[in-house]
Undergrad: 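This structure is in structure tokens; I'll ask about it shortly.
By convention in this document, chain letters (A, B, ...) are assigned in the order of the sequence lines, proteins followed by strands, and residues within each chain are numbered from 1. Please read these numbers as outputs of a predicted model, since none were measured by experiment.
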Amino acid sequence: MLGVVGESGSGKSVTMMSLLGLLPSPPADVHSGTVTFDGKDLLKVDPETLRTIRGRKIGFIFQDPMTSLNPVFNVGYQIMEPLRVHMGMDKKAAEARAQELLELVGIPDAKRRLKDYPHQFSGGMRQRVMIAIALACDPQVLIADEPTTALDVTIQAQILELMKDLRQKLGMAVIWITHDLGVIAGIADRVMVMYGGQIVEHAPVKELFRNPKHPYTKALLKTVPSVRGARVRRLTTIEGQPPILGAQPTSCPFRDRCSEPLTVCASKNPPRYEVGNGHDVACFHADALETAHAG
Amino acid sequence: MLDNPVKKPLVKVRDLKMHFPIYSGFFQRHTGNVKAVDGVSFDVFEGETLGLVGESGCGKSTCGRAVLRLYDITTGSIEIDGKEIGATPQADLRPIRPTMQMVFQDPQASLNPRMTVQSIIQEPLDEHTKLSQKEKQEKVWELMDAVGLNRRFAGRYPHAFSGGQRQRIGIARALALNPKFIVCDEPIAALDVSIQAQVVNLLEDLQEKYGLTYLFISHDLSMVRHIATRVAVMYLGKIVELAPREALYASPQHPYTEALLSAVPEPDPSLESRADRIILQGDVPSPSKPPKGCNFCTRCPKVMDICKETEPEFKEVKPGHFAACHLLDKS
């Protein structure tokens, strides 16, 4: 499971949506790059092929379960829709599968609830329905965009538990987007930290939390207070504001807020340096480390 | 109740109830009540920060607003700075308003988009003081300095500011009349983590500088642990536990507090896998139909028969540590 963390506006959701061609174009325009899924470049395939992949092989869970479910259809219909379109199931088979899915995500009395409309579900239950829809066609990859942000902590704990359980049962790859480092620590195998539209650090989860290399990751880990352990007298802050993403970056996007900027940071955007243990970081401080590592 | 006998309560709330009527049917008959706040009692001591935590819909925001009498409360008594304001008509409250102010959750929605920062911060001065325009201008600049906004931005409109800066404008406005008591209703919920820390530090600085008393409403348990002196946990319109910060986080007495604390994800993978998690089943019941007996009995992992019959009493279980649970009756 890959976790993606970053502040709002750091480009987490946009990255994931562009992978699937979910951004309306114009205004959005994917400039360059490739997205390879199962040997095919998703940015080059025709819309027809893309449609068979979206929903069938790649499931997507959106942030807000209220606005992403259609209020005028009952949830049974919404779960059955991908089943009938992608899997070609008839109504009966789809209904049976939909009921199975609702049971899988832990909604009691599934058969009756299929006839209910989204407003009759609570927030946590709605998010379960969204997960059921995303899982409907047994996707190989599930992209979850802040699936627990709109939920309370006790409900969030339920959903996290459910996801861990489902992943073990179904064995799919999951990309989990969030801004909550605590959630990431509990659920991800690898973590990608995004800042200003770029990946600034990428590492296995334990490695990242134990040994953060990028100044932004370090600061981010320090600014979050914890409910356990010692209480700090004063919170460390990251001064300043996140950058506004207007043009192509020509310098390090974190330079203005960085506690240890170098002169080179102002003139060049750092590439991602390997630092060992599957850990890479986009910071010129790591440059020296890399040379040491290679040598 | 005193953890420090020198301190005296600035705000005393006793048995506060805030019910919203439900009208339904063809004749719009009064068919029930949403018991948003249902019998809440607490004190806020001078110079302290009382954290009020709970899940969404538990009535914490309503409670904060009711304490400031932004609603006409159903029953109960509220005493702020020695004055009883529980039943005072709104018109008579105006002279008392300067002592109590509020910082709202959404800085986007709580600032008038057609007013400049200058006029937003100045408005309370216009309403409640007889200062000259020049004095007001001075005061506005002073306030902007205090919250860390550049004076040159006084003529700008709220849309020109980021979320964190907007929240600073809201704080400056709340400070304008030198209040003693400020209710902060989720002031950081709409902000990014790196900006949250800035605003929390600012609130702490201001508290030290002006001797403010806060009621800090939040759903973020880790932030409340940082800022609050004492913490009250609400569930379905009632306070289930109230204790000094250290005691509450180290040894929660109520099963709900325990579950709530264990549900907070830990930003450390090695701790995270070890953490013994209590996963609550089900959802919060509707406040218009609270269950019989203890409000938490539908989800409590340690529920007993008595919980479904009688409501537990909110009482002191250890010095300064209050809780409402039948489990604590035996000891």
Side-chain angles (χ1 to χ4, degrees), chain A residues 6-10 106 108 121-125 148 150-158 160-162 178-188 191 204-210 216 219-229 231-242 244 257, chain B residues 53-58 161-165 190-202 204-205 219-227 235 245-246 248-250 252 256 259-273 275 277-286 299:
Chain A
E7 291 177 73
S8 40
S10 64
F121 288 82
S122 67
M125 284 294 168
T148 58
L151 307 175
D152 282 312
V153 273
T154 58
I155 309 294
Q156 169 173 294
Q158 287 175 6
L160 290 178
E161 208 54 27
L162 172 71
T178 180
H179 64 262
D180 189 332
L181 286 163
V183 171
I184 283 289
I187 199 162
V191 185
V205 64
K206 288 208 169 123
E207 166 77 10
L208 183 95
F209 281 89
R210 202 175 40 226
Y216 175 65
L220 201 60
L221 282 171
K222 257 189 253 159
T223 103
V224 192
S226 155
V227 288
R228 296 169 201 99
R231 173 180 171 272
V232 286
R233 219 188 60 76
R234 192 169 172 82
L235 294 175
T236 7
T237 60
I238 308 177
E239 284 309 318
Q241 300 289 332
I244 295 152
R257 304 172 80 190
Chain B
V53 291
E55 294 178 88
S56 47
C58 73
F161 293 89
S162 67
Q165 285 172 318
L191 307 174
D192 271 319
V193 271
S194 68
I195 310 296
Q196 283 185 356
Q198 292 175 8
V199 173
V200 164
N201 280 349
L202 171 70
E204 285 186 323
D205 289 344
H219 64 267
D220 186 338
L221 285 151
S222 44
M223 217 34 117
V224 165
R225 176 169 185 249
H226 181 79
I227 195 171
Y235 184 78
R245 175 188 60 220
E246 307 300 341
L248 187 101
Y249 284 86
Y256 177 63
L260 198 62
L261 287 174
S262 88
V264 180
E266 185 68 40
D268 183 347
S270 47
L271 276 180
E272 184 62 38
S273 47
R277 205 139 291 227
I278 305 167
I279 308 273
L280 289 180
Q281 297 305 313
D283 288 304
V284 186
S286 156
R299 298 173 82 196

Undergrad: Please classify the contact of B/Gln196 with chain A as side chain, backbone, both or neither, using a heavy-atom distance under 4.5 Å.
TA: neither
Undergrad: Could you tell me which portion of B/His219 (side chain, backbone, both or neither) has an atom closer than 4.5 angstrom to a non-hydrogen atom of chain A?
TA: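 Neither; nothing under 4.5 Å.
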Undergrad: Looking only at heavy atoms and a cut-off of under 4.5 Å, which of B/Gly54, B/Gly164, B/Gly163, B/Ser222 has the most pairs with chain A?
TA: B/Ser222
Undergrad: I'd like to know if the side chain of A/Gln158 reaches the main chain of B/Leu280, judged simply by a donor and an acceptor atom lying under 3.5 Å from each other, with no hydrogens or angles considered.
TA: yes
Undergrad: Quick one: side-chain hydrogen bond (donor to acceptor under 3.5 Å, both in side chains) partners of A/Thr154, sequence neighbours excluded?
TA: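 For A/Thr154, the residues satisfying side-chain hydrogen bond (donor to acceptor under 3.5 Å, both in side chains) (neighbours in sequence not counted) are B/Glu55, B/Arg299.
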Undergrad: Given heavy-atom pairs under 4.5 angstrom as the criterion, report whether the side chain, backbone, both or neither of A/Gln156 touches chain B.
TA: side chain
Undergrad: Quick check on A/Arg257 against chain B: is it the side chain, the backbone, both or neither that has a heavy atom closer than 4.5 Å?
TA: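 The side chain, not the backbone.
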Undergrad: Output all residues satisfying ring-ring contact (aromatic ring centres under 6.0 Å, His included) with A/Phe121, sequence neighbours left out; order by chain, then residue number.
TA: none
Undergrad: Measure distances from A/Ile184 to the heavy atoms of chain B and classify the residue's part below 4.5 Å as side chain, backbone, both or neither.
TA: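 Contact with chain B involves no heavy atom of A/Ile184 at all.
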Undergrad: What's the shortest heavy-atom distance between B/Pro265 and A/Asp180, and which atoms?
TA: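 Closest approach of B/Pro265 to A/Asp180, heavy atoms only: CG-OD2, 4.3 Å.
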Undergrad: Is it the backbone or the side chain of B/Ser162 that comes under 4.5 Å from a heavy atom of chain A, or both, or neither?
TA: side chain
Undergrad: Specify which of B/Val284, B/Leu260, B/Leu221, B/Asp205 makes the most heavy-atom pairs with chain A at under 4.5 Å.
TA: B/Asp205
